[in-house]
Every structure is written in structure tokens, then in C-alpha cells.
There are 2 protein chains.
Amino acid sequence: MEDDSNHFSKPETPNTMKAEAEVEERDPESNSSLSEPLLKRNRTLSSNPLALVGATVSHIESLDYEYLSGLVFFTGVNFVLTLIAAVLCVCFAPTAAGPGIPEIKAYLNGVDTPDMFGATTLLVKIVGSIGAVSAGLDLGKEGPLVHIGSCIASLLGQGGPDNYRLKWRWLRYFNNDRDRRDIITAGCSSGVCAAFRSPVGGVLFALEEVATWWRSALLWRTFFSTAVVVVVLRTFIEICNSGNCGLFGTGGLIIFDVSDVKVSYQAMDIIPVIIIGIIGGLLGSLYNHLLHKILRIYNLINQKGKLHKLLLALSVSLFTSVCQYCLPFLAQCKACDPSFPEVCPTNDRSGNFKQFNCPDGYYNDLATLLLTTNDDAVRNIFSSNTPSEFQYTSILIFFALYCILGLITFGIAVPSGLFLPIILMGSGYGRLLSMLLGSYTNLDQGLYAVLGAASLMAGSMRMTVSVCVIFLELTNNLLLLPITMIVLLIAKTVGDSFNPSIYEIILELKGLPFLDANPEPWMRNLTVGELANAKSPAVTLSGVEKVSRIVDVLKNTTHNAFPIVDQDVPVPGTVITGATELHGLILRAHLVQALKKKWFLAEKRRTDDWEVQKKFNWVELSERELKIEQVAVAHDEMEMYIDLHPLTNTTPYTVVESMSVAKAMVLFRQVGLRHMLIVPKYQGAGVPAVVGILTRQDLRAYNILTVFPHLATHKVQQKHK
Amino acid sequence: MEDDSNHFSKPETPNTMKAEAEVEERDPESNSSLSEPLLKRNRTLSSNPLALVGATVSHIESLDYEYLSGLVFFTGVNFVLTLIAAVLCVCFAPTAAGPGIPEIKAYLNGVDTPDMFGATTLLVKIVGSIGAVSAGLDLGKEGPLVHIGSCIASLLGQGGPDNYRLKWRWLRYFNNDRDRRDIITAGCSSGVCAAFRSPVGGVLFALEEVATWWRSALLWRTFFSTAVVVVVLRTFIEICNSGNCGLFGTGGLIIFDVSDVKVSYQAMDIIPVIIIGIIGGLLGSLYNHLLHKILRIYNLINQKGKLHKLLLALSVSLFTSVCQYCLPFLAQCKACDPSFPEVCPTNDRSGNFKQFNCPDGYYNDLATLLLTTNDDAVRNIFSSNTPSEFQYTSILIFFALYCILGLITFGIAVPSGLFLPIILMGSGYGRLLSMLLGSYTNLDQGLYAVLGAASLMAGSMRMTVSVCVIFLELTNNLLLLPITMIVLLIAKTVGDSFNPSIYEIILELKGLPFLDANPEPWMRNLTVGELANAKSPAVTLSGVEKVSRIVDVLKNTTHNAFPIVDQDVPVPGTVITGATELHGLILRAHLVQALKKKWFLAEKRRTDDWEVQKKFNWVELSERELKIEQVAVAHDEMEMYIDLHPLTNTTPYTVVESMSVAKAMVLFRQVGLRHMLIVPKYQGAGVPAVVGILTRQDLRAYNILTVFPHLATHKVQQKHK
């Protein structure tokens, strides 16, 4: 049997478990050699133990023991792999489940999810992702690779995991929000680059989908990091060309090379291209809608405990494996056509014409798509110049199955990416559409699959330029560019008219206070003064404040910053006295640090520069982890004073109380703030120096609407107009 | 003679003047047919009237009449073409000279250059660019195409040229700064797309080099506009495939197709790649430095008057033509190698092996590079698998000539782009380097030319991602990507350590108040309060102001906005009275509009909403052109009042006086402001409501340093540390 297959395929070590599983299932009776004439072999179907479930005469009872043991082995191995991935995620790093991209997007917007970039998360993500992808689940390694890239970037930037950090001085230069954001952006684009071998696509993905703030310098820094990734990849591929790395490195830098497709489209081909785009947009927004519903149900299940999470993941794995193994029996065997560019049938790990349950000289087209890795499935369905390779029913089953799997797999507790499920679904849809259009179109079926995948990506994720470049770099065919662009733009436009992008839906589901690029229209009708009046008044401290008051304020509030206001001071350069001075804003962390270092004064006085510089160094002041509960203040110290002036940020961004919330939000987001002070528009004796303080939470549409519900009705009215 | 050439070339109408000029210069005696054996023909050189100026035996006297008339014809035609372009630019639209990209960059930063996007500029740019490029000057059509794209976008956005605007109501929705900027950005990327047939490159160029503010929505809008450009281009190419459009449309969507180059680089090839990058960076910054000097000299010449401008342009044209025609005589004729992929020698318009002064079976390699269009020169020097095509001295002469031409051509008064001169220079340098490295490298010479061009682009213009994608789309070879990226990044880094990018140098030379992305370090040591104290105090108006005072203020100041401050008002919700209220900011245009519409009140009172809405509509208020000199106010009206409250922007962005200039500048640029109010940090009776007002000019480093020169010395000290 082994000899037989070697007639027409290179001997290759079947070093994955799945390959072994397939080897076992080969038909022992089908040893007619290839030297026999093709027509003669075609007629010897009846002697084979075929399970033609879907054919007119159904022989379920002939499903013999070998296929059953194959099913058990296949399902069992996948079950164990899923179990490993799920246990790791559930028990050690819950943040490693899912793609991680929404959280990274939120982080770059200024929202930190705890334990998102730690060493445990990184390890669980790597191992879990390998497990989940090997288990044949309908999920990709792309999202997890983006998260892995960001984790590595974050760990490098802070000098190692939390408990074992390197103490090098220069590492502290990165210990600020902006540099951490930049490093994580670079890690994120490196991840995309590694996933798709697409350096420019990686940069654009970070720019279009993930980053909130963008500078020209960041553009070429991320570009540099992806260049390094490509060079490393290239080196590995070169080393592995000698064949020492098993299956790694095949395919070169371009994954799905379709540059040999003759792209000869005319003006009339624009019509099917527009149709692909419109349907892709509709399907994409429908997918977003349904996934939203299913994720809400999954959230309810997952909240019930770890066991429920595990059971959910494992049942999805079982369902996937059984479908993948059993559905190919529904397909009719197709005869190999000698004009096919590849060896047919193949029993190798990769290859386009899987034999599975078919006799020699025949192949099972559904097995070609289902009983393979996701990457190979995409490669097979993208394959060009093979208009008759797949049957209509096979592609229909493939598309329907991956629609279901794409919806039920994403929310389970394993590392999972969204790119590949959508590409699989989209390529199925594209190929199906080309079959339906039939003779009305001259474009290649493989091209339809590519365009279908692109349209669904744009319809669901709403990315345009980055998807375009990623597809360009995946397929190595520049002539596809114009029609890909049209498909993407149409699909995005259609999708946008129904619901937001899938990442925004996930962000909202996770309750992350993401600050949108555009303020809601009704925010123009509310001033920050009104907003500040609706919340409890800001807690202000004096420049030289009593220790007891500071301890009291720190213990009884959760604010992260406090305005410093000095009463009864003279205005320099004038004769005015008794004025109130807005000195600035002090961070909670600095107050705690002052208490910890016992920066106490016996009397109420301003300190000198040298005293401060002796007491604090900037490394201590950049420390943010310290809690007030960790600091003990003696009873007699409570009556002493602290001079807060030197620890205050004297240049906080401010808005006048008459500013609209919409404009304040633009400032907040554009400059990347955490706190914004509201100053009065009146000037006179008795007017407070600070009206209030705004944080990210105050500016969230949802939070504002709970306080000002009439704005929501106003919003609905506007929509109805 | 004509028959002879038709033996080995497709009959093609020589429909450019240059092609005709070449036809005349053909050697009448070289009619030995191709059927003769090659070796035999090689020996019959002596009977030809060769002018081997550079050879050992020099026969200058044999330079016969035909070559002289060719020179006169060639130079004359180029002279006339340059004259047309220069006269148009000098007399009708001086803003059409040069590339226009720096001005567009400044516009998108908030600096409007007058007459930049008008209909006259557009027409002159189109005709002038055709003239200048046809004249064989060392300049490209790429920069002008970007400007043309922006002009068209601007005209479409405002509904036509200034005097013949369409009056459609919906066009007024675009009549605001942000939408105009967006439209011009889209026009700019469409221009790049049309120039290089590079849709993604166009988007990235706009993003990396031109735009100051960037939103995710803008990304896909520019992407849409470039997609339309590609579809239109594609349609034209398809129509022209029938051969009805002359030479238009040859080459398809990819201009310099090098996808047939076998890119098989190994790890060791990284060394020559790094060398290309370093030298490219050095050459690029040297080019920037020298161009800066020459542009300053040219500015002095151009300031002397129109005649000087014309003479300068015409002498550059003469010099270029003479060099292009005479230098090829220095090259030795090379024998055609039958292994060459193309017809050799060619006497066609395009083609790689120009015969020029050589006998049949021979070609002049320098004529191949010089006596052709710039595009063809690039195509020829990029040509791959032809390691022995060019001689060392020919490439050296080519490189030296284009270095000189690249420096002296740019500043003349014709529409000119910088891309092509730099590509020409860089490709010469790359090919030269590959010859010098010789057997030390395995990479193709054409590949070196591509990389050399990329390195000089990055070294001079400091673009990375956009150049990378443009080159990818120009050359259609994805495998070049990793090494191109490395070359670009190294060249940019090397260049950045010497001087700013060429566009920044031009912006500075033109004196445009461009607001940089990053504030200078010394700006952290200056507060906006100090800055405001150094200038004359802000002119404030009352909410209900006397007409005479408004007229007085408008006539005697040049400010574009005035703070509105109400005195002696009660603070709502409190018992405080006699406070000062900062009501907002009013624009000069709105004040003039109020005077023009005679929005006068007999007594000092606040108006009601309905009065205002009856008097003004928003179309009038968006009008910015009206001058105070155009408005007549009667003598008795001078004593009346205007209620400015309804016309005031009540939500101006403000900063507290203690804010550092650096942080204020970040706010100013990020939010895209024109005016910023400074409010006091003190609160009390007698404190003014507004400390000052800041504009773009106030925040320019140069202007601040003239008032605070000690900061400059501080800056130098910092540098010396």
C-alpha cells in the first residue's frame, strides 16, 4: 500500500498526527497500478467498500470497521489537542483565549486590560494556539500571532516578565505610555507579518485597524520591525531548503501563489465583481450580527465556571471533527483528469486531490477541502485553472459547514484568530458564486475564491487597504489589485450600513471603554460644565496639605488624579491679592509615593528644589504599582504637612466649562489624555479655580446617556428623521 | 534606409519629435543586412564616419554635417518646448513651477498658498508639464501629476473655478477646512497613483509624506479614489490595445516589469545591500545639501524678474540637450550579442539598444540611456539579465551627467517633479556600484539599479513604506521586498543623521509656516504665558460692542480672531456678581459680515435667537473673502451697537498660562487649530479673563527664537553636550 502511493508522490515523512490518521484509512483493496489504462480502472468501482451516503443507493451498513476506527482516532486526537489548549487557557491565562486583537486595540487607545501582555499569557498563547490549530478547529493562527508579537514586544520593552525584570537603567526610558504603545504597535505588525509573510500588510494592519494614534516616525519604525521579521523568515526558509526542518518553510515567502492565473478581465467583468462585493458585504454584516448573538450566549455559558468553559470547547471540537470526517462520505468520487497540474489522487499530507475513500484514479473533492489543515484548504480552494475540480454539492457543504463552524468556534476558550475562518468561508462563497454564474463570467474560479475571501474580510472586519495589501502579498498577483480594491470597497460600504466592524462589536461586548474616533452627534448639545455638575464634585487638595487629609482622600476615593488649588495667593506682576491659583494636577501614585518616602514637614511651608531632588528620584516617581494600603502612616505623622507643589504636573490640559463634550472628546483622544481639568469661564472673587475633572469613563457615550437619558431619545429622534 | 530598420523592428509610427530627430541621424552607409555573419560585420568599422572623441585616435574633424544638423534640430525643438513651459509658468501661473508637493503638504498642515489650486494653475501645470517633459529636461511628471490631482480635487470640491462656480447647495457642505483637506488628500494620492500606476503606493505617499492629520476614514476614501484611477487607467489601456492611441498604454499597469529577474539572494548578499543603503543615504543627504545651496542661488536669480527666470530655464535646457546629444559620441560602439533578449540595434522610439552613430550590428550604450525619454532610460537601466550591456565609462558619464542635471534643473520655472531625477541618479549609482563590486556579488545588475534608485529616494525624500510599495508596484516583483526594505531603512537612517528631507528643506526655503510634528526640546522651558507677555496684548471685544470700536479694531489690527469678554456679569447658580466672563472667540470674517448686513442695535441689549436667524444664514457665515475695506458704515451707525454673542464661537480651545509651549503646540497641531486662547491660572477679582491669544505664527520656532534668543543659545549648548 505504501509502495503504491509512492508511485506518484515524493516520499515525505508524514510527521503530523493527522497525516498518520489519514494513512490508516487508505483503502487496502485499491492496489490497481497506475500503469493500467485509465478508462479501464474507472469502471471498477463496485468492488470498493464505498459509503455513498448521499448517492441514490445508500450502503450505510458497509461503513466498515476501518473507517470507524479512523473516525475515533481522528476525533480523539483532536479532542486531546483541544483539551490541552482549553485547559491551559482556562486555568492559567484566561486572557490568552480569543484573538487578543480587540484588547490590543483597546490598549493602544489607552485602556489597559490586566495580564494581557505577561509571560504566562505569552506561553499559554503559543502552546494553546499550536494545540487549537492542530486540533483542526475552524480558527487561525493569525490573531494569536498578533497577540504573541505584542506580548514579546511588551516583555522586551519592560526588560522581562514582571517578577524577573532586568534592572538595566536604559530600559526605564521605555517605561512611559507612549513608548510602550509604540513597541506594542511594532510587535503587533510583526505578528501580522509573520502570520501572512506580508511586511507591508502588517504595517497597514497596525495603522488601519489597531492603532489609535499614529505618527510618521511610528510608520517607519513598524516598517523596520516587519523588515526584520521578513529577513528572519527568509533565513529560516533558506536553512530549511535543505530539508532538515520537516514541513516547515515550504511555500517560500508567498503563501498562496496565484501569479500563474491568467488575469484577463474586461470591462464587463466589473458586474460579477460588484456582485461579489455586495453579497460579501451582506454576508459579512450578517456574520457580525450572528456572531454577536452567539458570543452573548457563550458569555453566559462561560460565566458559569471553568468546567463549563472546558465542556463548551470540547463539544465544539467533537462536532468539528465528526463533521470533517463524516461529511466527505457524502461527496461522489470524481475521476482524475490527466490535464490536472498536480498528482492525482494524492495521499500525502498536502496536495489537491485527496483519495480518501475513493478507488485509485479517483479523488474525493470534499476530503480535499475538509481533511487537511486550514492553510491547505485555502490553498486548494484558491487553486486556479481547475474549473471542474470541485463539485457543486461539495462546495455547498464546505461553505455551509464553515459558516456554522465560524460562528460556533470563535467564542470558545482557546486562542483563536478570525482571519482564517473568514477566509475559508469567503473562499467557499466565492467559488460557489462562480459556479452559479457559470458561463456568464470569464474569470477563473480560483480568482472568485480569492475575491470572495476578500469581500467577506471587508464585510466583517471593515479593513480595506491592509486586506488589499495582505492579499496582494499572499497571492503575489499584482494584476488582481484593481478588482480586489473594488470588491473591498463595495463590501465595506455595504457592511458599514448595517453594523460596526467585528472588532468593535467584541470591544463593546468586553465592556472596554474604547474612545471612538468620532464623537456622537448629540454630544454637541452637552457642555462639559453640565457633565461635571452631574457627577460628584472634584476633590481638590491644597499645595501644602495635611497628611491626614491626603490619607483620607486616598482611602475614600478611587480617583487617580487630584487638582491642586492654592487659596489666597497674590498674583505676580499685579497688585491683586487673595486670588485662587490652579497649580496643577497630582497623580495618586505620586501621593502614595510621598507618603511612603515620608516627605513630611513639621510646619506648613514651601520646600526648596534641593530637598525634593534629594528625596525622590525619577525612577521612583515612574513607579505606578504602589497602593495606599501598603503604606503605613504613624499617628503623629498624620498632623504633619506635605508640600505637593514639586510633585504636581503644573501643565495639565484644560477646557473651559462651556466647551461641548464633542470637542472635549476630540482633544482628549487626539492628545491622548487620561485626565482633563474643567476651568470656569467666569473670572471673579469666589469663583472656584476648577469646575471639575474628566476622565475616559466620563466621556463614554454609554455613561453619559445613563445620566442624561433625554439625549438618548434625542438621538433616536435624529435617527428617525 | 527606412526599409533596413524594418527588418528587425515592428513598424511603429514615430510620432514624437524626438523619434524623428533620431531617424535623421541614421548612418546612410550602414546598410549591411542582418543576414551577413555577425563576425564579418564587426570588422567593417573603418568606413563609417565615427566621431570617436574619447577613443585613442580622435577624428573631431570627421563630425560631419548630418550630426550637426541633428544637434541643432534636437536642441532647437527642446528649446522651444522649454520656452513654452517656462513662459506659461512665468507669465500666467508662477505657482505651477516646481513640483507643488511642498505647498500641498503645507496646505494640509493648515497653510494656504494663494492661487495654488486654481484653474489657471491647473491648465498651466498640465501644458507646462507636457512641454517640460517632452523637452527632455531632467525632471519627472510625477510631482506635477500630484499637483494636478490636487487642483482637480479642489476645483471639484468647490464646484468649479473661482469665477464660474456652480451654485449647487450641496456643494457648500464641502466648504469647510476639513473636507477641503480630505478632498485634496484624495486628489494627491490619485496623482501618485496615476503617475506610477501604483494605487496602494499613492495612498501611502499621501499618508507618509503629505498629510498632517490622518483618520481611518480618510484611509479608505483615498483608497477609493486611487481604485477609480486604476479602473480608468485600465479601461484606457484596454481601449488602446487595439493600437488606436499611438504609443499610449504600452506597458500595462506595471511600468518597469522586472518580475522575470531571478531574485535568488542568500544571507551573504546582505552585505552589498547594506553598502547600497549606506552610500545611498550619504548621496541623498549630499544631494539635499547641494540642492539647498543651488536653490538659494536660483532664488536670487529668479527674484530679478521674469526675463531672468526665462533665461535660466532656457540655458538649463540648452545645456541638457547639448550634453544628451554630444556625450554619446564619447562611448565606444558595442557589438550586439545574439543572446540579448531584445532586437539589437534598435532605431525605434523605445528599445534597449540604440544604434545612433554605430554601424549595423553595433549599438551605442550611452545613447540608449541619454537619447530617449526619461521613462525609457529608467526601463533600460533597470533591464535585467544584461550584465554586459553597458560599459563602465558609459554608466559613469550617465551618473555624473544626471547628478549635475538633477541639481541644476529642479529650481527652474517649469513644472518639475523630483521623483524621476532621483530615480535616474540612483539607478546610475546602483548599476555603477554593481560593476565596481563585480564578481563579489551574485545579484543582478538591474536589481542593483532598482535598489540604488530606492536608496537615493529614501536618502533624499526620507520616505520608506510608500517608496517600498511604489517600487513593488512599479517592478511587480514581490521577492525584492525584503532587500528593498533594508536598503530604504538604512538609507533613511543615514540621511536623517545629516539633514532634513528635501521637502522640508523646500518648505523652509519657501518660508511657509509649517507646523512640525515634534516640538523643539527647548520649547519645554517656555510657558505660553511668557510667550503672550512678549507680544502686544490681545485685543478683546465686549459681547455687545459699539460699531465704532469694531470698525476701529478691524482697520487697525490684522488679527483674524478676537476674544469676546463680558464684564460685570453674575455667575449663574451662585450669589457671585461682578464677574468677568470669557464668552468665546469671534472671527474677523464674522465681524465684517455683521457690519455688512448692518446687524445694528440702537441700544445696548442682547438679541433673541429669531432675530439672528432672520438676519444671517449659514452660507453667508461660511464666506471668508469679504474685506473691511469693502464695507461702508455710515456716520450715525458708528454710535450704534452690535450684539456679538450669537456670532461668537463659544467653545474655543484654551490653555492655562502655565502650559509649556511644547504641550500647547501638540494641542494646536493635533486638534488642527488656528487660534488658541490663553486663560489665567489665577482666579480672583481683577484678574483678566484672557491672558492672550496664540496663532500658528506665534508657535513657529523661528519666531519664538527672535523674541527669546537665549533659548537658541540654550539649544546650541544642548547640542554640544
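Below, chain A is the first sequence line, B the second, and so on; all start at residue 1.
- In terms of heavy-atom pairs under 4.5 Å with chain A, the best-connected choice from B:Val229, B:Thr651, B:Val528, B:Val569 is B:Thr651.
- Neither the backbone nor the side chain of A:Thr212 comes within contact range of chain B, judged by heavy atoms closer than 4.5 Å.
- Between the side chain of A:Tyr653 and the backbone N or O of B:Lys663 there is at least one donor-acceptor pair closer than 3.5 Å.
- For the options A:Thr464, A:Val465, A:Val200, A:Leu219, heavy-atom pairs under 4.5 Å to chain B are most numerous at A:Val465.
- Counting heavy-atom pairs under 4.5 Å between each of A:Pro572, A:Gly578, A:Ser660 and chain B puts A:Pro572 at the top.
- Using a 4.5 Å cut-off between heavy atoms, A:Asp568 does not touch chain B at all.
- When each of B:Glu209, B:Lys492, B:Arg462 is checked for heavy-atom pairs under 4.5 Å with chain A, B:Lys492 comes out on top.
- No part of A:Val565 comes within reach of chain B, as not one of its non-hydrogen atoms sits under 4.5 angstrom from that chain.
- In terms of heavy-atom pairs under 4.5 angstrom with chain B, the leader among A:Tyr682, A:Phe224, A:Trp213, A:Trp220 is A:Tyr682.
- Heavy-atom distances place both the backbone and the side chain of A:Val687 under 4.5 Å from chain B.
- With a 4.5 Å cut-off on non-hydrogen atoms, B:Thr493 touches chain A through its side chain but not through its backbone.
- Counting heavy-atom pairs under 4.5 Å between each of A:Glu657, A:His583, A:Met463, A:Glu208 and chain B puts A:Glu208 at the top.
- For the options B:Thr654, B:Val671, B:Thr484, B:Thr650, heavy-atom pairs under 4.5 Å to chain A are most numerous at B:Thr654.
- Note on B:Glu581, B:Gln670, B:Arg669: by heavy-atom pairs under 4.5 Å with chain A, the leading option is B:Glu581.
- Nearest heavy atom pair, residue A:Gln683 against residue B:Pro680, reads NE2-CG, 3.2 Å.
- For a residue to count as touching a neighbouring chain, one of its non-hydrogen atoms must lie under 4.5 Å from one of that chain's; by this rule A:Ser658 touches chain B with backbone and side chain alike.
- Heavy atoms closer than 4.5 Å to chain B are found in the side chain of A:Ile576, but not in its backbone.
- Counting heavy atoms from C-beta outward, B:Met485 and A:Thr226 have side chains that approach closer than 4.5 Å.
- For A:Leu207, the part sitting under 4.5 Å from any heavy atom of chain B is the side chain, from C-beta outward, and nothing else.
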